[in-house]
Amino acid sequence: MKSAKGIENLAFVPSSPDILRRLSASPSQIEVSAFSSDPQKENSQPQELQKPQEPQKSPEPSLPSAPPNVSVEQLRSLSLSEFEEGPCGWRNFHPQCLQRFNTPRGFLLHYCLLAVTQGIVVNGLVNISISTIEKRYEMKSSLTGLISSSYDISFCLLSLFVSFFGERGHKPRWLAFAAFMIGLGALVFSLPQFFSGKYKLGSLFEDTCVTASNSTSCTSSTSSLSNYLYVFILGQLLLGAGGTPLYTLGTAFLDDSVPTHKSSLYIGTGYAMSILGPAVGYVLGGQLLTMYIDVAVGESTDVTEDDPRWLGAWWIGFLLSWIFAWSLIIPFSCFPKHLPGTAEIQAGKTSQAHQSNGNADAKFGKSIKDFPAALKNLMKNAVFMCLVLSTSSEALITTGFATFLPKFIENQFGLTSSFAATLGGAVLIPGAALGQILGGFLVSKFKMTCKNAMKFALFTSGVAFTLSFVFIYANCENEPFAGVSESYNGTGELGSLIAPCNANCNCLRSYYYPVCGDGVQYFSPCFAGCSNPVSHRKPKVYYNCSCIERKTEITSTAETLGFEAKAGKCETHCANLPIFLCIFFIIIIFTFMAGTPITVSILRCVNHRQRSLALGIQFMFLRLLGTIPGPIIFGFTIDSTCILWDINDCGIKGACWIYDNIKMAHMLVAISKW
C-alpha cells in the first residue's frame with residue numbers, strides 16, 4: 001500500500017471518475033478507504049493510508065471520498081454515466097448496418113478520409129495553384145504568401161477555444177462541423193473562377209534577338225482582379241476553422257477510444273494519412289493544370305503548356321474536395337458521443353507524469369471563466385511545455401526544408417523546377433508518412449511508457465540531426481553561367497548580362513528562359529544572341545547565336561540546321577543527387593518518427609480533462625513558433641545566397657534566378673543546427 005497510482009491526476013476531474021481510476025489502480029486501498037464504515041478502522045491504519053497523501057497537503061481541497069455503503073458496481077455505474085456510449089445512428093434511428101462502423105477502426109477510417117481531404121486542399125491544391133493564381137489574378141508573391149498564411153492564422157486563433165469547449169462536447173459532431181467547414185472553404189476558394197470572367201490571352205513574347213522589339217516602358221497599373229485576394233483569404237480562414245477540430249478533438253477522441261498501448265498506432269496512422277493528402281493533392285492538381293483554365297465553359301485554344309501564357313484548370317480540384325468533404329458530414333454525425341467500451345478503457349488509464357495541485361469541481365470547463373485557469377495549469381506543467389517547444393522547433397526546420405526543398409534540388413543539381421518538385425515530393429511525403437506510422441507502431445509494439453516514448457523521440461531526433469550534415473557534402477558547384485561566373489567568350493564583365501555580342505538585342509531581364517550552348521548557360525535565347533528558333537523540336541533549339549562560339553563541325557541537314565543552343569539548363573556533372581536523396585529520405589523518416597511519440601507523451605503528461613486543450617496549445621505554438629516563421633526564416637536565408645536577381649524595367653528587384661550553391665548548402669546546415 002505504499003503507492004497509489006492515479007491519485008496524482010486530480011486536477012479538474014470530477015470525483016466519481018477519479019475514484020474509479022483509484023479503484024482500477026489499487027482496489028484494496030479503495031475497499032479500505034471508501035467502504036469502511038467504522039471510523040476507528042480507518043484511523044487504525046494511518047501508516048498505509050496517510051503516506052501516499054502526504055504530498056497532497058496544501059490549501060487546496062482534499063480528495064473527496066466515496067459515500068459509505070456503496071458497492072463497487074454502483075461506483076462504476078456512476079462513472080459510466082459520464083461516457084454517453086450508444087449505437088451508431090440518429091435519435092431513434094439506428095440501422096444495424098451502421099453498427100459495424102461503431103468501433104475505433106470505423107472511426108479511424110472516417111478520420112483518415114477527412115485528414116486526407118484536408119491535406120489535399122490545404123497542403124496540396126493550394127500550394128500547386130499559387131503560381132497560377134498569381135498570373136490569373138495579377139497578384140504579387142507577397143499577396144499570395146498572405147493567402148498561404150491565412151490558414152495558420154485561423155488555426156492559431158481558434159485552436160484554444162475549440163479544444164477547450166470541445167473537450168466536454170460531442171467530438172464526432174465537432175468533426176462533422178470540421179468536414180462542413182473544410183468543404184465550404186474549398187468551395188469559397190474556387191469561387192473567383194466563376195465571377196472573374198474568361199481568361200484573356202496576351203500577346204506572345206518574342207524571346208529571340210530582334211532589334212528594338214522587346215523594349216518596354218516602366219508602367220504601374222492596378223487591376224480589379226487582385227481584389228479576389230480577399231475571397232482566397234476567406235477560403236483559407238474557413239479551411240483553418242475546419243482543421244482545428246480535426247487535429248485536436250479528433251486526436252483526443254482516438255485516444256479516448258483505444259487502450260494506451262494502441263493509442264500511438266491509431267494516432268500515427270491518422271497523422272500519416274494527413275501527410276499522404278498533399279501527395280494526392282500534388283498529383284491531382286498537376287493533372288488538372290494540364291487542362292485549359294476555361295474548360296468548363298467550352299473554351300479552347302491553340303496555346304500549349306509550353307507557352308508562358310498557358311494557365312491550367314486549378315479550380316476543379318477544389319470543387320471535387322468540396323463534394324468529398326461534405327459527404328463525410330453524415331458519417332461523423334451518426335457516431336455516438338463515446339464509442340462502446342470507452343468507459344472501461346478510461347477506467348484502466350492513469351496519468352504517468354502529471355502532478356496535480358488539487359481537486360476541482362465536476363463542472364469545470366463548461367464556462368469561459370474556467371479558460372484562464374486551465375491555461376495556467378497547463379503552462380505550469382514543465383514536461384508538457386518542453387514537449388510543445390520541442391515540436392515547435394522541429395516544425396520550424398521541417399516546414400522550412402519542405403517549402404524550399406524543390407528549390408534546393410533544382411539549383412544544386414541543375415534540374416527543372418517541375419522535376420525537382422517531383423523528386424522532392426517523392427522523398428518527403430512517403431518518408432514522412434512512413435516515419436509517422438513506424439513511430440506509432442514501435443511505441444505500440446513495445447508498450448512504451450510516457451518516459452520511454454520521450455526518450456525514443458529524443459533518439460530519433462538526434463539521428464536526424466546528425467545526418468543533416470549531408471547538406472555540406474552532397475552539394476554541387478555552380479555550372480558556368482554567362483555574365484555571372486563566365487565571360488561571353490572573353491568579352492563583357494562578370495556581374496553583367498550585357499556584352500558586345502547581345503548589346504543590340506534589347507533583351508529583358510524580366511524574361512528568364514535559360515538555354516545551354518557549348519556547356520555554358522545563358523539567361524535567355526536573347527542574351528545568347530540567338531535569332532532563329534526551331535519550335536517543332538523538343539526541347540526547343542536555336543541557331544545563329546552570336547554569343548556562342550561556333551563549333552568547328554556544323555551539320556547542314558535541314559533537320560538539325562546546325563543548332564547552337566537548346567532550351568533548358570545545362571546538364572550538371574555532379575553525381576551526388578542519388579546519395580543526397582537516399583540520406584535525406586532517412587532523415588525524413590527519423591524526423592517524423594518522433595511525431596507520434598511526442599503526441600502520445602503530451603496526452604499522457606496532462607490531465608485527462610485537458611488533453612484536447614493541450615493539443616490546441618501544442619498546435620498554436622507549433623504554428624506561431626514553427627510553421628509560420630519557418631518558411632520566412634528559410635526564405636531570407638536562401639535569398640542571402642543569391643548572386644543574380646530579377647530586376648524589371650522600373651528597377652524593382654524581383655525573384656532570384658541564380659544562387660551560390662555552396663553557400664546555400666552551408667547556410668541551410670547552419671540554420672538547422674541553430
Side-chain angles (χ1 to χ4, degrees), residues 6 9-21 64 76-86 104 107 111 157-181 241-258 263 267 332-347 349-351 354 356-379 381 384 599 602-620:
N9 195 12
L10 305 175
F12 313 127
V13 184
S15 59
S16 182
D18 185 81
I19 297 173
L20 180 60
R21 282 192 289 276
R76 185 178 296 273
S77 66
L78 289 175
S79 68
L80 290 176
S81 62
E82 177 194 2
F83 299 97
E84 299 177 13
E85 300 176 3
F107 181 83
Y111 177 88
L157 293 176
L158 297 176
S159 59
L160 295 183
F161 297 99
V162 170
S163 57
F164 178 74
F165 292 105
E167 172 60 37
R168 289 180 176 269
H170 197 297
K171 293 186 180 71
R173 291 179 184 171
W174 273 96
L175 291 188
F177 168 77
F180 173 79
M181 296 302 290
T244 304
L246 176 64
Y247 292 111
T248 54
L249 303 179
T251 303
F253 188 84
L254 284 174
D255 186 64
D256 279 339
S257 307
V258 295
S263 176
I267 294 174
F332 277 115
S333 64
C334 75
F335 280 102
K337 186 175 182 179
H338 295 282
L339 298 179
T342 299
E344 294 292 332
I345 292 172
Q346 291 302 314
K349 287 186 176 181
T350 58
S351 178
H354 177 64
S356 100
N357 294 322
N359 193 19
D361 186 71
K363 296 182 179 180
F364 186 89
K366 293 185 177 181
S367 172
I368 188 64
K369 297 179 181 179
D370 300 327
F371 184 65
L375 282 179
K376 181 180 178 181
N377 180 269
L378 287 173
M379 293 295 185
N381 189 327
F384 167 70
T599 301
I602 288 176
L603 294 173
R604 298 291 168 266
C605 76
V606 300
N607 182 267
H608 174 81
R609 288 289 185 190
Q610 296 179 315
R611 292 173 306 157
S612 296
L613 180 59
L615 292 175
I617 294 175
Q618 179 204 8
F619 280 107
M620 184 192 72

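If you're wondering where the values come from, they're calculated on a predicted model, not measured in any experiment. Position 1 is the first residue of the sequence; numbering continues from there.
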Give the minimum heavy-atom separation between [X] and [Y], together with the two atoms involved.
X      : Y      : answer
Tyr111 : Thr251 : OH-OG1, 3.5 Å
Ser257 : Pro104 : O-CG, 3.5 Å
Ala374 : Phe164 : CB-CE1, 3.8 Å
Gly242 : Ala178 : O-CB, 3.1 Å
Ser159 : Thr244 : CA-CG2, 3.3 Å
Lys171 : Gly166 : CG-O, 3.8 Å

Minimum side-chain heavy-atom gap [X]-[Y] below 4.5 Å:
X      : Y      : answer
Met181 : Pro245 : no
Ile617 : Leu375 : yes
Asp255 : His608 : no
Asn377 : Val606 : no

Quiz item: If only atom types and distance count, is the side chain of Ser163 paired as donor or acceptor with the main-chain N or O of Leu160 below 3.5 Å?
Solution: yes
Quiz item: Does Arg168 offer a backbone N or O that forms a donor-acceptor pair with the side chain of Lys337 under 3.5 Å?
Solution: yes
Practice problem: Name all residues meeting the side-chain contact (heavy atoms from CB on, under 4.5 Å) criterion together with Ala179; count only those two or more places apart in sequence or in a different chain, and write none if there are none. | Solution: Leu114, Leu328, Ile329
Spacing of [X] atom [atom1] and [Y] atom [atom2] [to the nearest 0.5 Å]:
X      : Y      : atom1 : atom2 : result
Leu603 : Gln610 : CG    : CD    : 12.5 Å
Phe177 : Phe332 : CZ    : CZ    : 14.0 Å
Leu158 : Phe619 : CG    : CZ    : 14.5 Å

Exercise. Could you list the residues that satisfy ring-ring contact (aromatic ring centres under 6.0 Å, His included) with Phe335, not counting sequence neighbours?
Key: Phe107, His110
Quiz prompt | Residue list, ring-ring contact (aromatic ring centres under 6.0 Å, His included) with Phe180, at least two apart or on another chain | solution = Trp326
Quiz item: With respect to Leu249, which candidate in Val162, Leu615, Leu254 satisfies the side chain to side chain contact (heavy atoms under 4.5 Å, CB included) definition?
Solution: Val162
